[in-house]
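Just so you know, these numbers use all the heavy atoms, side chains as well, and skip hydrogens, waters and symmetry mates. Below, chain A is the first sequence line, B the second, and so on; all start at residue 1.
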Number of protein chains: 2
Amino acid sequence: MLRSHTCGELRLADAAKTVTLSGWVQTIRDKGKVLWIDLRDRYGITQLILEEGVSSAELFATARTLGREFVVQATGQVVERKAKNPNVPTGDIEVRPTALTVLNTANTPPFKIEDETDGGDDLRMKYRYLDLRRNPVRRNLELRHRMAQETRRYMDEQGFIEVETPVLIKSTPEGARDFVVPSRMNPGEFYALPQSPQTFKQLLMVSGFDRYFQIVKCFRDEDLRADRQPEFTQIDCEMSFVEQEDILVMFEGLVRQLFKTVKGIDLAEVPRMTYADAMRLYGSDKPDTRFGMQFVELTDMAKGKGFPVFDAADLVVGINVPGAAQYTRKQIDELTEWLKRPQIGAKGLIYARVNEDGSVKSSVDKFFSPEDLAGWATQFDAKPGDLILVLAGEADKTRKQLNELRLEMGTRLGLRNPDDYKVLWVLDFPLLEYGEEEQRWFAMHHPFTSPKPEDIPLLETNPGAVRANAYDMVINGTEVGGGSIRIFNKELQARMFSLLGFSDEEAKAQFGFLMDAFEFGAPPHGGIAFGFDRLTSLFGGADSIRDFIAFPKNNSGRDVMIDSPSTISDKQLDELKIKSVAEPK
Amino acid sequence: MLRSHTCGELRLADAAKTVTLSGWVQTIRDKGKVLWIDLRDRYGITQLILEEGVSSAELFATARTLGREFVVQATGQVVERKAKNPNVPTGDIEVRPTALTVLNTANTPPFKIEDETDGGDDLRMKYRYLDLRRNPVRRNLELRHRMAQETRRYMDEQGFIEVETPVLIKSTPEGARDFVVPSRMNPGEFYALPQSPQTFKQLLMVSGFDRYFQIVKCFRDEDLRADRQPEFTQIDCEMSFVEQEDILVMFEGLVRQLFKTVKGIDLAEVPRMTYADAMRLYGSDKPDTRFGMQFVELTDMAKGKGFPVFDAADLVVGINVPGAAQYTRKQIDELTEWLKRPQIGAKGLIYARVNEDGSVKSSVDKFFSPEDLAGWATQFDAKPGDLILVLAGEADKTRKQLNELRLEMGTRLGLRNPDDYKVLWVLDFPLLEYGEEEQRWFAMHHPFTSPKPEDIPLLETNPGAVRANAYDMVINGTEVGGGSIRIFNKELQARMFSLLGFSDEEAKAQFGFLMDAFEFGAPPHGGIAFGFDRLTSLFGGADSIRDFIAFPKNNSGRDVMIDSPSTISDKQLDELKIKSVAEPK
């Protein structure tokens, strides 16, 4: 090794040792007679010191050629520091080099390699290899590493076998768009990159593998929103001979172990909520349960009092914001404008303030008596100093709008601390959702999800009412994982495909191998997949997944560092028997 | 869970317990008054017993509807067996069901789900999910799982960080053919799938990650030989501030730990051999060192005796096959024919038999005196009863042919036991090899491999003589891993690209980001990659990697189970702005 120690490990007990360190020059302070160099590596920073009369003139000369981010090897004695730095683990010592070798020079980096950098997003992405030198980014990837190792350890301890499923698979029409790969050996044909190893993990259950897992790359060719990546990573799992309860217990265990080993947090028992309750109480299937402000319905109390907005509404529903009665008229107007933006689309906002004397002042005093409003306060369990915010309109839309408002108020009141973790299971999702545009039913989870046995009779008569044995894990308002008990019976699977509008031929062409497999003794089985990028970013207390991925792509799916995608040669296109028909740029 | 125990865990101590098992019907033996069912899952086989007078008629009726591979749940009491079966871990007990539920029926499988199956390769691949039910195949994948976990544990303990590098990268011209992925968001442009994460792991070193590893899928669009797959898995590693010796020690440690934990084998110290010695002594850069028969050169002794074949040869070289003097003339003729096949292409074979009395009988007695031949025996250290086999011709070709002959004789003599593991480092590979067809130099390892510092002056004057800081790990004659110390200096890298015939523009277009990165303080670094499929198959004592991959592709790159690759819709092609110009099938 070109070092005897890392830059993070020397302590007072090492004083008088002769050591060799290698690393990057973080800073140089040249005071003429004394010169300090902070040498950095992944493990920490160690101070080198050159002193006139002690260090040779040649050493000073070499040191004065160094610039930021030069790669240097230094050999010398560990000495106790006069002025100790308690903020750095190596702060009790410094190293007095007797030899200093420049292993490599460095151009001045385009932005500061410090915890707070002056580099903008684009520059940091172009020079991602420099951005990765910064402690916060590197720590994110160290966290990801730790989570991957702990995940595998837990799964291994629980008897799961890690099986690599193929990356070159087959395009399927259901779901998001596939990335495809032309086959040179089979001209005119294409592989597809997997959106998930769903069918393979089910086949592994048919094979009797009993417990499978994999931390695996998946691919989706969708237009990218701020926080989506064309390639992303899942913790993918499947178990046989299980019921929903077994999966919930097993994977609550995984998340518990991750919180314990990675964050040192003892997770409380994970509460469960039905999809119906989540929608009713939070207007969302991924409620943020770090704070209250559950929805309270006011429809019956609010109608028939002559206020046209309420009278025309399907639903009148609100939240009680504790201690927010001091909100001024101006603040409420701003909030109303915020709600009216096209992203949210509310028509207006009604408020009711509970004064210190218990009286209620509202924006609809004209229509509601003090007694009516006192009734509201009771309904909302609102105390003096609270602010009731109410929306009205079409039920689904209004719930969604109120969900946004609730989250906004949670943020404003500082109730969404990223270090406070609230984990939740959401259960009993609908099996199907109707696509108005396509005029057909779609699988809400995927076409292999099992309906609840008691709801099977409704499949053809009232498909929208059929609940699935499907579950999501939600942490702090973010869906981190989801799964279902699968259909393992060929007839039921065929009924499902037919409901989804697949002809027999289509189903056979796309999923024939799975349906065939189900004829040879498929066990009852179910599974779950966690979004590993998302889970890691939550553990890191961050909103964006991008800084938890070593080399992410931008919103156009480009890797600006390597400048990819790019054109390929005509020879390659010819060999693949494809032609590009894109307009020249 | 739909079981209280697995089919592999019940013992005599469990007698009298009421248990529930779930699994597949392996066999049914119906003797009228007694009926046995062997129930199988991943963990083992447990015998169920139904007895007239004890078990209900209804239970007998259900049992008689069962067929092979039906999925069954059985609840009943564990009882001691009358006739114990010492060959099965559960052989002391059986279960007397009081309830028997058919969880799923099964068609008759197209081949036997037994250790020795009657299914041919094609059938087994089409029904891979059934083939995976067979113990030997499942055990291979369990072995692979174990090796992956132990690999990650070792790397983690050694301070390596697992970083996922991207799958959608950029096509590069050097090396094998890339699989490409058209980009819908960037029409006319393509991603490529990585042949290895080489440049990314080097960038991670520039980023100061210090120690990186990943078990990662790689892709190569090459015509497939029997034992290659278009997607394969590597253990990919890189370290900073290291010299070759550090890498050898670190990864000898990995392989030692794998042998210890997975196979229970204490590996001896791994010997090292230069590439030059390997070629001279074995005619191969991946010698099988489970047995001797090292090459002995006879050129000087053999020439000038009037035997035209020797006189015209650049090299006369042979092996001594111990105890093979009983080989008949006919056997030697067969061996000669075997050597003359186009795959090997030898012109002929000369033998010399050392008789029990020490005299030597050869096929070239006409040209060589008894004293000459006694000299051969001394040269070969041949003992009475040994057989010397000699080839002659152009040096490189002759060595390759003799390598084949040596391996064949090792096999015939039973010296290549798959349970005997001999690990070897091969060092000091040439940096470059000359492509006669292309009339240019190619990187033997890859273009980032560092020449040995003492050979750098030869780069332009005698490129073929430059040795690389490159190393391969060889186990039992198979290369399982290889790597090198990398060039970390921009000027040297540019010199290398120029030697390989890249123009500045080409180098910049393809590797600009790496060369740019090297300007910002690249540390000395090096790494290695192991072929994980191959390593696993070696640990499994098998020749083919295919049965160590859950869902392999055939020699045409097809997955016959899912019938992929396949055509995609015109809508998909239109969206991707590409056109297929393949001839219709």
Side-chain angles (χ1 to χ4, degrees), chain A residues 1-3 22 24 42 69 71 104 106-107 129 132-133 145 148-149 156 161-163 166-168 170-171 179 181 183-191 203 206-208 210 217 221 231 241 246 513 517 519-523 550-551 556-557 561-562 564-566 568 577-582, chain B residues 1-3 22 24 42 69 71 104 106-107 129 132-133 145 148-149 156 161-163 166-168 170-171 179 181 183-191 203 206-208 210 217 221 231 241 246 513 517 519-523 550-551 556-557 561-562 564-566 568 577-582:
Chain A
M1 293 291 295
L2 302 180
R3 68 184 173 216
S22 289
W24 286 261
R42 178 182 127 198
E69 303 302 322
V71 187
N104 217 339
N107 289 351
Y129 46 87
L132 287 170
R133 279 189 194 165
H145 162 78
Q149 308 317 310
D156 185 37
I161 299 181
E162 186 177 7
V163 180
V167 176
L168 297 171
K170 185 176 174 153
S171 193
F179 283 105
V181 181
S183 167
R184 185 181 53 84
M185 293 179 75
N186 304 275
E189 297 188 327
F190 295 76
Y191 302 101
L203 288 173
V206 173
S207 297
D210 204 68
K217 276 276 175 78
D221 185 13
E231 51 180 300
F241 300 116
D246 304 308
F513 55 98
E519 299 207 55
F520 290 99
F551 300 101
S556 318
M561 179 186 72
I562 65 171
S564 162
S566 60
I568 58 173
K577 300 272 186 288
I578 58 170
K579 229 172 90 173
S580 172
V581 291
Chain B
M1 294 288 295
L2 302 180
R3 66 183 175 219
S22 288
W24 286 262
R42 179 183 126 196
E69 302 302 321
V71 187
N104 217 340
N107 288 351
Y129 48 86
L132 287 170
R133 280 188 193 166
H145 162 76
Q149 308 316 309
D156 185 36
I161 300 182
E162 188 177 7
V163 180
V167 176
L168 297 171
K170 183 174 175 155
S171 192
F179 283 106
V181 181
S183 166
R184 183 181 54 82
M185 291 179 77
N186 304 275
E189 298 188 326
F190 295 76
Y191 302 100
L203 289 174
V206 174
S207 298
D210 204 68
K217 275 277 176 76
D221 184 13
E231 52 179 298
F241 301 116
D246 303 309
F513 56 98
E519 299 205 55
F520 290 100
F551 300 101
S556 318
M561 180 186 73
I562 64 171
S564 163
S566 60
I568 58 174
K577 301 271 185 286
I578 58 170
K579 228 172 91 176
S580 173
V581 291

Can you check whether B/G557's main-chain N or O pairs, donor with acceptor, with A/N186's side chain at less than 3.5 Å?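 No, because the side chain of A/N186 does not come within donor-acceptor range (under 3.5 Å) of the backbone of B/G557.
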Could you state the interatomic distance from [atom1] ([X]) to [atom2] ([Y]), rounded to the nearest 0.5 Å?
{"X": "A/M561", "Y": "B/F513", "atom1": "CE", "atom2": "CZ", "value": "6.0 Å"}
{"X": "B/Q149", "Y": "A/I161", "atom1": "CD", "atom2": "CD1", "value": "10.0 Å"}
{"X": "B/N104", "Y": "A/E519", "atom1": "CG", "atom2": "CD", "value": "10.0 Å"}

What residue in [options] has the most heavy-atom pairs under 4.5 Å with chain A?
{"options": "B/A550, B/S22, B/S171", "answer": "B/S22"}
{"options": "B/R3, B/M185, B/E69, B/M1", "answer": "B/M1"}
{"options": "B/V206, B/L168, B/I578, B/V181", "answer": "B/L168"}
{"options": "B/G521, B/A106, B/A582", "answer": "B/G521"}

Applying salt bridge (Lys or Arg N to Asp or Glu O under 4.0 Å), name anything that partners B/K217, two or more places apart in sequence or on another chain.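 By the salt bridge (Lys or Arg N to Asp or Glu O under 4.0 Å) rule, B/K217 matches B/E231.
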Results of salt bridge (Lys or Arg N to Asp or Glu O under 4.0 Å) for B/R42 - residues two or more places apart only: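 Residues passing salt bridge (Lys or Arg N to Asp or Glu O under 4.0 Å) with B/R42: B/E142.
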Counting only non-hydrogen atoms closer than 4.5 Å, does [X] touch chain A with its backbone (N, CA, C, O), its side chain (CB onward), both, or neither?
{"X": "B/S183", "value": "side chain"}
{"X": "B/E162", "value": "both"}
{"X": "B/V163", "value": "side chain"}
{"X": "B/A148", "value": "side chain"}

Classify the ring geometry between B/W24 and A/F241 as parallel (under 30°), tilted (30 to 60°) or perpendicular (over 60°).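 Perpendicular, since the angle between the ring planes exceeds 60°.
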According to the interplanar angle, ranging from 0 to 90°, do the rings of B/Y191 and A/F179 count as parallel (below 30°), tilted (30 to 60°) or perpendicular (above 60°)?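 If you compare the ring of B/Y191 with that of A/F179, the planes turn out perpendicular.
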Shortest non-hydrogen contact between A/G188 and B/S580, atoms and distance: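 Here A/G188 and B/S580 meet closest at CA-OG, 3.5 Å.
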I need the minimum non-hydrogen distance between A/S566 and B/K170, along with the two atoms involved.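 In terms of heavy atoms, the two residues are closest at OG-CG, 3.7 Å.
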Among A/D246, A/I562, A/L132, residue most engaged with chain B (heavy-atom pairs, under 4.5 Å):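 Most pairs with chain B among the choices: A/I562.
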